[in-house]
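Notes for the one structure printed next.
Fair warning: this is a prediction, and the values are worked out from it, not measured in the lab.
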Amino acid sequence: MQMMTRDVLLEMELEDDEDEDGDIVLENLEQTIVSGFGTLESQQDFRTPEFEEFNGKPDSLFFNDGQRRIDFVLVYEDESKKETNKKGYNEKQRRKRRAYESNLICDGLQLEATRSVLDDKLVFVKVHAPWEVLCTYAEIMHIKLPLKPNDLKTRSSAFGNFNWFTKVLQVDESIIKPEQEFFTAPFEKSRMNDFYIQDRDTFFNPATRSRIVYFILSRIKYQITDNVKKFGINKLVSSGIYKAAFPLHDCNFSTPSKDLSCPNERYLLYREWAHPRSIYKKQPLDLIRKYYGEKIGIYFAWLGYYTQMLLLAAVVGVACFLYGYFNQNNCTWSKEVCDPDIGGKIIMCPQCDRLCPFWKLNATCESSKKLCIFDSFGTLVFAVFMGVWVTLFLEFWKRRQAELEYEWDTVELQQEEQPRPEYEARCTHVVINEITQEEERVPFTTWGKCIRITLCASAVFFWILLIIASVIGIIVYRLSVFIVFSAKLPKNLNGTDPIQKYLTPQMATSITASLISFIIIMILNTIYEKVAIMITNFELPRTQTDYENSLTMKMFLFQFVNYYSSCFYIAFFKGKFVGYPGDPVYWLGKYRNEECDPGGCLLELTTQLTIIMGGKAIWNNIQEVLLPWVMNLIGRYRTVSGAEKNTPRWEQDYHLQPMGKLGLFYEYLEMIIQFGFVTLFVASFPLAPLLALVNNILEIRVDAWKLTTQYRRMVPEKAQDIGAWQPIMQGIAILAVVTNAMIIAFTSEMIPRLVYYWSFSVPPYGDHLNYTMEGYINNTLSYFNIVDFKNKNKDNPYTGLGDHTSCRYRDFRHPPGHPQEYKHNIYYWHVIAAKLAFIIVTEHIIYSVKFFISYAIPDVSKSTKSKIKREKYLTQKLLHENHLKDMTKNMGVIAERMVEVVDNNLRPKVD
């Protein structure tokens, strides 16, 4: 079948009313323009799809003739049956749709329309791409297709001696058969004989067919308004002319198709991948890639590999946690805090003005015991280990990704990617290409591009400032509510109320502030998602990869500040700039700055991480499972009344939820935010990898269940790698070394304890004969006389709170009466020097190890490089040999014809 060249464009005049898709159209159709054929006077030149009744075969994936495969489905509501008074508006929509469908037919696609079985207003337009159309667009899109079977790809397992164990984890090959491998090359119609075409019906698999049809649907024009052409199925769906557009699932997920020719890939994916009983099995990545495309396949490959690597981190993290847990009873400084003769007799200074009372140090007994679990030597070992682990993960993932590029044939993917239709529509400026020196069209000039980038950057910066403002609001909340909790909560332990042991003013403030912070994070996140999409649309990236990378950087920058700002505040700012009781620091001249517990802010950082990380995981999983399930349940309840009807495959899929083009983007974003929690602040919470591991095991199956059962089939897309997420993870890995070193140095009490143990517990600074931690608490708490309040503009906040004349506070300062009273003492400068030395040494050691690992582990393994080169050589050789055969054959035909001509010319002369 030859493709027709007639494009029908509705030409509209300007009128006051605006169309739903944002463009101005007229009320009445003046004329229909057919490019190359002049003007048509009537609408009889519209080509309309064939209307057929449903044939009663719910599992059928073909037109009613049983021969033509359904490659795509378009759904619209019949304008004549819409319950609305806007008849003129409905007529305009109908004309646009008819023009679009007419142009689809003119472009070579075949359409068949069928009314809904459940709702008479709905019409399903099934789209089929004939062989000629598939070949033409496969060449335009540079799609790589099979040349001949490939016998080079033999996968060797690194665990060959453990086949008895790994076989349990593998998918049964008798159920999901391994895919046959081929040498491939970009398709060319002129060299069709070179390709491995055994059956025209199966040469283009369903995923490739759907991708080609979607490419056509995205570029077919349907209207011209004031010399501006409007085109693409996305615009028609967004404006309500079509209600949906999607490729079909091949069968029901719970039962195989009755059609013997159906491969039942959706059923197999549900049974061997999405079902809870397969939670321990490896993912069938090749089948996922075949059914959903490389883009979804690479996501699940990355998520699975990340989860496998988390297993090692989780084991080490649990070991470090257990080390701290079983050694908490040997924690000398915690014993001193809880000792009635030591901590019970130390009177601490009030932590706020007027309302906060004096309190005894042993009020923090329970929190100090918990702190011993997390603030131990094991934490230091784990932080160093995670700095190395994240490098190993990234380097080994690069190698795995290179293997997938070879196995899935995406090594030279950049040559295939086409510009986005939205980009092509705006290409109105002509420029000279610097390389080819030929004219080409671009959407805007260099100056226009600079203006767009400036506006986009300003918008992103504004929203980041908005997040910082919300963080400041949380800080002000902390400062104000701490006063209330300090006044209301009892300070003296009576041993009868267990709540008093745990619900300290610091803990109550931390928990409530963390919950409020989490709520604000989720609200800002929802708003900014829409803003980021608007900014990226305005920026107008050229390809879909460029679009997603641009959106990725904007979203992650926002999410980074949104999710991590409160953690950075607790880790590196809280309690660092408080002054001392005689001269406290005030926020905005009113709120006294927050102080940490005597044991530091590490436990509060752990609480913050647990609430945000755990709350986010629970919220996302509930949202991912319940939301599509409830929406589908409501949809089925509305459409099916009484007995179940025999519904066709396209109608069953229509009532599923649409995935959306950015659905996978949010899945990546969720995992990368988790990756940041696991790496950036792991020194304060060694159980973070374990929580991430459990969440990811569930996440893989939840995502799989969601894709196979609750969502329409996505348009298969190619992808070579995970895109901009790779450099983002590398940036997080570099930053994680700094943050964990600074957490150990400035947030935990490890360095002050080590300095005391090795320098200040023994002469000349200490009184003990041997190195010990005894006396550490007394040595790290300074004295303050309440009459020494320096701010003359304020009344002394400590008078009237009791008969105390002095109190203790957390700092390293000289006592009252010393020549340098309230100045930092020698212990303080030793601790500062030790902290800076620790950060510098730790960073240099870990960065050196990371650099060595990155250098020692190549991104592409030697065997993969050899396979790529070998396949490229054999492919070129095959094409060259076939070309030579064709030339030889043609030369032989030409030679025979020349001989015949010569014989015919010589024969009369001989006669």
Open item on the list: Return the OG1 to CG distance between T114 and N55, rounded to the nearest 0.5 Å.
Closed with: 8.0 Å

Task: V125 side chain reached by E101 side chain, heavy atoms, under 4.5 Å - done: yes

Open item on the list: Looking at W650, I'd like to know if the NZ or CZ of K126 sits under 6.0 Å from its six-membered ring centre while staying within 45 degrees of the ring's axis.
Closed with: yes

- [ ] Name the orientation class of the two ring planes belonging to Y196 and F182 (parallel below 30°, tilted from 30 to 60°, perpendicular beyond 60°).
- [x] tilted

Task: Beyond-backbone contact of Y137 with I143, side-chain heavy atoms, under 4.5 angstrom - done: no

- [ ] For a salt bridge (charged side-chain N to carboxylate O under 4.0 Å, His left out) with D78, tell me which candidate from R94, R97, R115 qualifies.
- [x] R115

TODO: Report yes if the side chains of P149 and F183 come closer than 4.5 Å at any heavy-atom pair, otherwise no.
DONE: no

Task: Audit row: E667, K706, salt bridge (charged side-chain N to carboxylate O under 4.0 Å, His left out) steps and yes/no - done: CA-CA 12 Å; E667 302 294 341; K706 186 173 61 177; 2.6 Å; yes

Open item on the list: Under a 4.0 Å threshold between the charged nitrogen and the carboxylate oxygen, would E407 count as salt-bridged to K867?
Closed with: no

TODO: Starting at CZ of R649, measure out to SG of C251 and round the result to the nearest 0.5 Å.
DONE: 7.0 Å

TODO: Could you tell me whether K144 and D409 make a salt bridge, using a distance below 4.0 angstrom between a side-chain N and a carboxylate O?
DONE: yes

Open item on the list: What I'd like to find out is whether the side chain of M141 reaches to under 4.5 Å of the side chain of R211, using heavy atoms alone.
Closed with: yes

Open item on the list: Just checking Q180: does its CD atom have more than 12 heavy atoms from other residues, nucleotides or ligands closer to it than 6.0 angstrom?
Closed with: yes

Open item on the list: Does the plane of the ring in F72 sit parallel, tilted or perpendicular to the ring in Y214? Use 30° and 60° as the thresholds.
Closed with: parallel

- [ ] Decide whether Q657 and R712 meet the rule of one side-chain donor and one side-chain acceptor closer than 3.5 Å.
- [x] no

TODO: Would you kindly check if the NZ (Lys) or CZ (Arg) of R289 is within the cone defined by 45 degrees around the ring axis of Y291 and under 6.0 Å from the six-membered ring centre?
DONE: no

Open item on the list: Using side-chain heavy atoms (C-beta onward) and a distance below 4.5 Å, is K243 in contact with L122?
Closed with: yes

- [ ] Could you tell me which non-hydrogen atom of N103 sits nearest to which non-hydrogen atom of K221, and how far apart they are?
- [x] ND2-O, 2.7 Å

Task: F246 side chain near D653 side chain, heavy-atom distance below 4.5 Å - done: yes

Task: Lys/Arg-Asp/Glu bridge criterion (N-O < 4.0 Å) met for R68, E50 - done: yes

TODO: Report yes if some heavy atom in the side chain of Y654 is under 4.5 Å from a heavy atom in the side chain of V73; otherwise report no.
DONE: no

Task: Evaluation steps, salt bridge (charged side-chain N to carboxylate O under 4.0 Å, His left out), between E139 and K189 - done: CA-CA 7 Å; E139 184 171 3; K189 290 176 68 176; 5.8 Å; no

Open item on the list: Quick one, V715 and P247 - any side-chain contact, counting heavy atoms below 4.5 Å?
Closed with: yes

- [ ] Anything under 30° is parallel, anything over 60° is perpendicular, the rest tilted; go ahead and classify F187 against F195.
- [x] tilted

